[in-house]
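Read through the structure below, which is laid out as structure tokens, and then see the notes.
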2 protein chains.
Amino acid sequence: MATKRLGTGIRRDQIAEAALEIVRSKGTRGLSVAAVAKKVGIVPSAVYRHFRNKDDIVTAVLQLIQSRLNANFQAVKHQEIDALDKLHRLLHHHIELIAGNNAIPRIVFSEEVLGGMPEKQAELYAIIQDVLSHVAAIVGDAQSVGAVRKDLSPEDVAVAFFGMIQPAAIIWHLSGGAFDLKHHAESAWRLFYDAVRVRGEP
Amino acid sequence: MATKRLGTGIRRDQIAEAALEIVRSKGTRGLSVAAVAKKVGIVPSAVYRHFRNKDDIVTAVLQLIQSRLNANFQAVKHQEIDALDKLHRLLHHHIELIAGNNAIPRIVFSEEVLGGMPEKQAELYAIIQDVLSHVAAIVGDAQSVGAVRKDLSPEDVAVAFFGMIQPAAIIWHLSGGAFDLKHHAESAWRLFYDAVRVRGEP
DNA sequence: AATTTAAGTGAATAACTATTCACATAGAAA
DNA sequence: TTTCTATGTGAATAGTTATTCACTTAAATT
């Protein structure tokens with residue numbers, strides 16, 4: 001009735017944010033075009049002025065997630081600290097991101113994505129590859145200053161880094177918040193650090 | 001028309017297996033009562049002779065998964081080997097289980113379970129807790145024979161063990177099988193082993 | 001001010017969902 | 001053989017879903 005008209009640029013952002021918020025609170029099962037429209041304050045059919053179809057919305061949500069992840073890398077990238085410290089801070093940034101918005105693990109592992117068409121799967125794979133390559137680059141830096149063992153491949157270490165975050169997110173989510181994410185992050189980091197660093201004196 | 005009649009005991013098993021297979025091939029999104037019925041060779045309404053509702057089927061699938069996981073623990077439990085070797089073999093068993101049937105990560109992270117009612121979430125949480133406690137017990141054994149550092153809590157180590165498997169499963173699934181699961185398992189194990197074991201001479 | 005454009009509406013559709021129910025009958029028990 | 005019971009059937013229901021379409025109209029463009 002009295003809905004303000006807004007350009008597609010703005011609406012696309014609003015819709016993607018609304019979709020992310022719905023996933024956070026209701027899960028991907030609750031992510032319907034109708035729900036998104038309601039949250040934005042328009043009628044379902046109006047959504048199709050700004051997105052081809054629902055899949056297109058999911059893609060936009062994935063991009064939103066990617067941009068949030070990238071923000072974490074940027075936050076750490078130019079700090080004048082040891083490469084291993086960068087990883088340590090990165091770990092905490094990611095843990096906080098997840099703790100503040102469990103939509104990320106929810107959508108990343110959802111059937112909406114995993115069970116969908118191969119293209120959607122490829123989109124997510126690209127995001128994860130991107131994250132892994134960022135981490136691997138930092139590991140490479142740490143190796144070149146002699147902080148990390150050179151007999152480890154940076155890619156393998158990156159997957160291990162991923163392994164500190166992802167299972168914890170799942171357990172935390174399942175536990176309804178009872179699982180202590182921060183404690184786990186510290187304990188996992190100690191293990192990781194001990195495994196990865198150059199020991200003693202050469 | 002010419003469908004053989006079978007007792008509920010048999011049908012329940014058939015239906016649970018069919019459901020697991022459907023999740024493997026089509027994802028939880030493809031898991032409908034109609035699809036399960038078709039795979040078993042009966043009509044959808046006949047399913048309700050053996051299960052209260054769809055939720056009940058999902059519960060049966062979770063139990064099936066739990067029993068497969070437990071088989072891995074049993075396979076390792078009574079072998080006369082070092083506690084750390086047990087973990088190593090367990091790792092490979094789990095990796096093979098996943099490689100042979102990615103229904104497990106798919107359902108474990110699906111909204112069918114996570115997004116559903118709290119009870120279903122609790123069921124899955126119980127399964128994961130069970131797995132973690134099995135691993136923690138083995139870690140405890142390893143500590144008492146002096147193979148694993150005593151300053152680590154077995155529970156924390158168990159989560160780290162989980163972290164070797166779960167992210168690899170996701171990446172492998174997304175990569176369409178291109179990601180080398182076995183290689184990852186070995187590399188992750190080396191890291192884990194170095195981090196966890198008692199080093200040098202006291 | 002007149003015209004064009006693109007955003008929003010409400011109704012309709014077609015496909016799918018889980019679930020129920022009256023009925024039929026195979027196979028076990030009597 | 002007859003009776004009983006539990007398994008299977010097909011049709012119906014009520015719900016949700018994404019998506020389309022003819023239409024209205026706000027706001028930008030001329």
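Naming: A, B, ... by sequence-line order, numbering from 1 per chain. The analysis underlying the following values was restricted to heavy atoms, covering all of them including side chains, and did not include hydrogens, waters or symmetry mates.
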Figure out the [atom1]/[atom2] separation between [X] and [N], and round it to whole Å.
X: B:Arg5; N: C:dA29; atom1: CZ; atom2: P; result: 15 Å
X: A:Ile15; N: C:dA7; atom1: CD1; atom2: P; result: 11 Å
X: A:Leu6; N: C:dT9; atom1: CG; atom2: P; result: 11 Å
X: A:Arg12; N: C:dA7; atom1: CZ; atom2: P; result: 12 Å
X: A:Leu31; N: D:dA18; atom1: CG; atom2: C1'; result: 12 Å
X: B:Arg29; N: D:dT17; atom1: CZ; atom2: C1'; result: 10 Å
X: B:Ile22; N: C:dT17; atom1: CD1; atom2: C1'; result: 15 Å
X: A:Ile10; N: D:dA28; atom1: CD1; atom2: P; result: 10 Å

Notebook entry, point to check: With side chains defined as the heavy atoms from C-beta onward, is the minimum distance between B:His134 and B:Gln129 less than 4.5 Å?
Noted result: no

Check: Closest nucleotide of DNA chain C for B:Tyr48 versus for A:Ile42: which of these residues is on the 5' side?
Finding: A:Ile42

Margin query: Can you tell me whether the side chain of B:Arg49 and the base of D:dG8 have a donor-acceptor pair closer than 3.5 Å?
Written below: yes

Item checked: Base D:dT7 to side chain B:Arg11, donor-acceptor N/O within 3.5 Å cut-off -> no

Can you figure out which of [options] approaches the side chain of [X] most closely?
X: B:Asn53; options: D:dT9, C:dT9, C:dT19; value: C:dT19
X: A:Ser45; options: C:dG8, C:dG10, D:dT7; value: C:dG10
X: A:Thr8; options: D:dG8, C:dA18, C:dA7; value: C:dA7

Item checked: Closest-nucleotide 5' rank along DNA chain D - winner of B:Gly41 and A:Gly30 -> B:Gly41

Checklist line | Any donor-acceptor pair under 3.5 Å from A:Arg190 side chain to A:Ala185 backbone | finding: no

Item checked: B:Ile15 side, atom CD1; B:Ile10 side, atom CD1 - distance, nearest 0.5 Å -> 11.5 Å

Check: What's the spacing between B:Gln166 CD and B:Phe161 CZ if we round to 0.5 Å?
Finding: 13.0 Å

Notebook entry, point to check: For B:Ala195 and B:Leu152, which heavy atoms make the closest approach, and how far apart are they?
Noted result: O-CD1, 4.4 Å

Notebook entry, point to check: Does A:Thr3 make a side-chain N or O approach to OP1 or OP2 of C:dT9 shorter than 4.0 Å?
Noted result: yes

Margin query: With a cut-off of less than 4.0 Å, is there a side-chain N or O of A:His50 near OP1 or OP2 of C:dG8?
Written below: yes

